[in-house]
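Data block below; observations after.
Hydrogens, waters and symmetry mates are skipped; everything else that's a heavy atom, side chains included, is used. This chain uses plain numbering: 1 for the first residue, then up along the sequence.
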Amino acid sequence: MFMRIILEYIDYHLLPLFLLFIAIVSAVICIIFYFRQRERWNKIEQDILGEREFYHTFAVNRQESFLVIQKSDLRILYISPNFEQMTGIPGERVRADIEVLKNMVTAKEARNIIKQLKEWDGIHELKLEFAYKTMGNDNMAHGYAVIQPDEENVCYLAAFGDNTQDYKIRSALKEQLEQAYQESQAKTDFLSKMSHEIRTPMNGILGMLSLAKVHVNDPKQTSYYLERAESLSQFLLTLINDILDMSRIESGKMELEQIPFDLYGVAEKLDSMFRSTTEAKQLRWDVQMQDFDVCRVIGDELRLTQVIINFISNAVKFTPPGGAVTVTFRQMHKIDGKLHLMIRVRDTGKGIKSDFISRIFRPFEQEDASTAHHYGGSGLGMAIADNIVKLMQGEIIVESEEGKGTEFVVYVSLPIAEGDQIVPESWREEKITEDVQERKKIIDDFTLDGVHILLAEDNVGVQLDENREEADKKEGNGLEKNETEEIIE
Ligand code: ADP
């Protein structure tokens, strides 16, 4: 009974004291824990501060910059001063918000980095490679970051470096390797194709010769077979010459002559060389000489002609009947005793696929496997032309639209030859007169009798004043396609 009274008394009077006691004990434990934790962080910060000097000394003049990132909250504890130099982002900004680093990379690159970080085991070293932009610079650079935890597993140590130069070298080497692989593949294909290409005319020649022998008493038949054998031999010779030229170029043994020659002579030769072929194929054919006041230059006439012949042969080959092939020689300007010359071969043929244009000058390349089958050829002409023009320090520009036609333009500058420069005016005049007369005839024959004309304009009531018409004519504009149409008859 007595005990019960005491317990009730304690219950009633000492419960608050008991609770107070519990609270004090908890507070003491928390304070002890807090101080111990602070001590630990202080130690880490002390360590880092201690190491900062070391990092600073270490980071100066280094190709890499360093970051120490607290693992628990990704707070940046240290950032080496050269980080700003490398990225243009001030260290304080990164310290204030590590997210600012995201601005250095594209959204896609950021996703890729985050994915790799998520998959990282957090123990072993992680190397990230990425394209990044430095502040105030729009060009992309290439960099890497190496991340690993410190010994106590409290911080991440990260090194950041720029390997743009390395990346460029690696990419160039990769490209060269790819190109070498493609060239070697093209050569292998070429060799297997060539063995077929050489064997076919050879068999043809042998066949024609044996037929000629059988019909030796029939002069007409014999001469037919001999003519066939001759043209096949000619084809074979061209092919072998191309192969020899190519191997001469590849071994660096092709040398150019420096002899005076006449550009009008070249144009004349080309004109007569292709006149009958183009006529037979029903192609409009024109060779034009524009703006010349000098015509004798010094260079390798044969090689220059070879280049143009190759362009013209292709233009003729790839242009169907009814199309046109035009060759234009133009004097651009004269500087320091040199004539800057443009030679353009334009056709209205089948054109070239845009993805092939970048490969057109590679040896042994043709647009597709069926080209050789349909049009013949070896795919060497363009590579030879390109190399010859490069030896002349010139350049070739190709423009083409599938189904519309192709234009090859060669720019070279050749020293002007000493002595008389007799520009044959009559050659040009004759051509222009022919041209003008032909155009005049077309205009004279043209009639509007019985023709209904549809004019369309999207601004209702617009006046086509004379000035507008003039401007349109000058700019080569037609009337635009309209939403509302007015019909004027
Ligand atoms: P080849 O004519 O002997 O095949 P080239 O090196 O002269 O070799 O030309 C390479 C390829 O470029 C041709 O096979 C053809 O596919 C393309 N090509 C060249 N010129 C033209 C052109 N004027 N029109 C269309 N394709 C062309």
Side-chain angles (χ1 to χ4, degrees), residues 238 242 261-297 299-333 339-352 357 360-361 375 377 381-390 392 394-401 404-414 423-439:
T238 313
D242 275 358
F261 69 95
D262 187 339
L263 287 166
Y264 275 83
V266 174
E268 200 71 66
K269 240 181 272 168
L270 291 170
D271 191 19
S272 57
M273 195 183 283
F274 284 95
R275 188 156 286 279
S276 54
T277 324
T278 45
E279 237 169 58
K281 207 180 166 185
Q282 292 164 21
L283 297 174
R284 268 170 291 131
W285 165 248
D286 198 9
V287 182
Q288 299 171 353
M289 298 295 282
Q290 294 178 351
D291 307 333
F292 282 95
D293 62 9
V294 289
C295 58
R296 284 185 63 74
V297 288
D300 196 323
E301 178 182 358
L302 269 182
R303 291 295 180 196
L304 186 67
T305 313
Q306 181 183 355
V307 170
I308 312 164
I309 288 178
N310 186 58
F311 293 150
I312 302 175
S313 313
N314 280 337
V316 171
K317 189 159 72 172
F318 294 109
T319 306
V325 175
T326 315
V327 183
T328 309
F329 288 74
R330 184 181 299 150
Q331 174 177 321
M332 305 295 287
H333 37 251
L339 177 83
H340 291 254
L341 180 66
M342 180 211 83
I343 307 163
R344 184 178 61 209
V345 178
R346 185 185 270 169
D347 69 59
T348 59
K350 73 179 194 66
I352 304 171
I357 291 183
I360 196 163
F361 295 119
Y375 300 98
M382 286 297 161
I384 295 171
D386 184 45
N387 279 290
I388 292 175
V389 173
K390 275 188 185 141
M392 293 177 178
E395 66 167 336
I396 303 175
I397 310 280
V398 192
E399 271 180 32
S400 185
E401 200 178 330
K404 292 255 168 84
T406 306
E407 183 177 289
F408 286 92
V409 190
V410 180
Y411 292 98
V412 277
S413 52
L414 300 170
V423 178
E425 279 298 315
S426 57
W427 199 90
R428 191 181 348 159
E429 272 166 17
E430 190 190 318
K431 300 261 158 195
I432 291 171
T433 318
E434 261 177 28
D435 223 33
V436 169
Q437 272 172 358
E438 196 180 322
R439 260 183 247 157

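- Between Val409 and Met342, the closest side-chain pair of non-hydrogen atoms falls below 4.5 Å.
- Looking at residues two or more places apart in sequence or on another chain, you find a ring-ring contact (aromatic ring centres under 6.0 Å, His included) between Phe274 and Trp285.
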Acceptor/donor pairs from residues 311-322 side chains to any protein atom, 3.5 angstrom cut, sequence neighbours excluded:
unit_1: Ser313; atom_1: OG; unit_2: Ile309; atom_2: O; d: 2.6
unit_1: Thr319; atom_1: OG1; unit_2: Ala315; atom_2: O; d: 2.4

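- Among all heavy-atom pairs drawn from Ala324 and Thr348, the shortest one is N-OG1, 2.9 Å.
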Between Thr277 and Lys281, does a side chain to side chain contact (heavy atoms under 4.5 Å, CB included) hold up when you go through it step by step? CA-CA 6 Å; Thr277 324; Lys281 207 180 166 185; 5.9 Å; no
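- Of the candidates Leu302, Asp300, Leu414, Leu414 is the only one forming a side-chain contact (heavy atoms from CB on, under 4.5 Å) with Phe261.
- Between Asp286 and Gln288 there is a side-chain heavy-atom pair separated by less than 4.5 Å.
- Taking 4.0 Å as the cut-off between side-chain N and carboxylate O, Glu399 and Arg346 do not count as a salt-bridged pair.
- Here the NZ-CD distance, from Lys269 to Glu301, works out to 3.5 Å after rounding to the nearest 0.5 Å.
- With hydrogens and angles ignored, the 3.5 Å screen pairs a side-chain donor or acceptor of Ser400 with a backbone N or O of Ile352.
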Can Glu407 and Val398 be said to form a side chain to side chain contact (heavy atoms under 4.5 Å, CB included), step by step? CA-CA 6 Å; Glu407 183 177 289; Val398 192; over 6 Å; no
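- Residues Gln331 and Gln290 form no side-chain contact, since every pair of their non-hydrogen atoms from C-beta on lies 4.5 Å or further apart.
- To the nearest 0.5 angstrom, Glu279 atom CD is 7.0 Å from Ser276 atom OG.
- In this structure, the separation between NZ on Lys350 and NZ on Lys404 is 15.5 Å, given to the nearest 0.5 Å.
- Within the 3.5 Å criterion, the main-chain N or O of Ala383 finds a donor-acceptor partner in the side chain of Asn387.
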Verify side chain to side chain contact (heavy atoms under 4.5 Å, CB included) between Ile343 and Thr328, making sure each step is shown before the conclusion. CA-CA 6 Å; Ile343 307 163; Thr328 309; over 6 Å; no
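- The side-chain heavy atoms of Val410 and Phe329, taken from C-beta on, include no pair separated by under 4.5 Å.
- Put simply, the side chain of Leu341 does not reach to within 4.5 Å of the side chain of Arg330, judged on heavy atoms.
- Residues Val297 and Leu263 have side chains in contact (heavy-atom distance under 4.5 Å, counting atoms from C-beta outward).
- Rounded to the nearest 0.5 Å, atoms CE (Met332) and OG (Ser413) are 11.5 Å apart.
- Side-chain atoms of Arg284 and Val325, non-hydrogen and from C-beta on, never get closer than 4.5 Å to each other.
- Taking CZ of Arg303 as the start and CD1 of Ile384 as the end, the distance is 8.5 Å to the nearest 0.5 Å.
- In this structure, CE on Met273 lies 10.0 Å from CD1 on Ile308, to the nearest 0.5 angstrom.
- Proximity of a side-chain donor or acceptor of Thr406 to a complementary backbone N or O of Asp347 within less than 3.5 Å is not detected.
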Tyr264 vs Val266, side chain to side chain contact (heavy atoms under 4.5 Å, CB included): CA-CA, chis, key distance, verdict: CA-CA 5 Å; Tyr264 275 83; Val266 174; over 6 Å; no
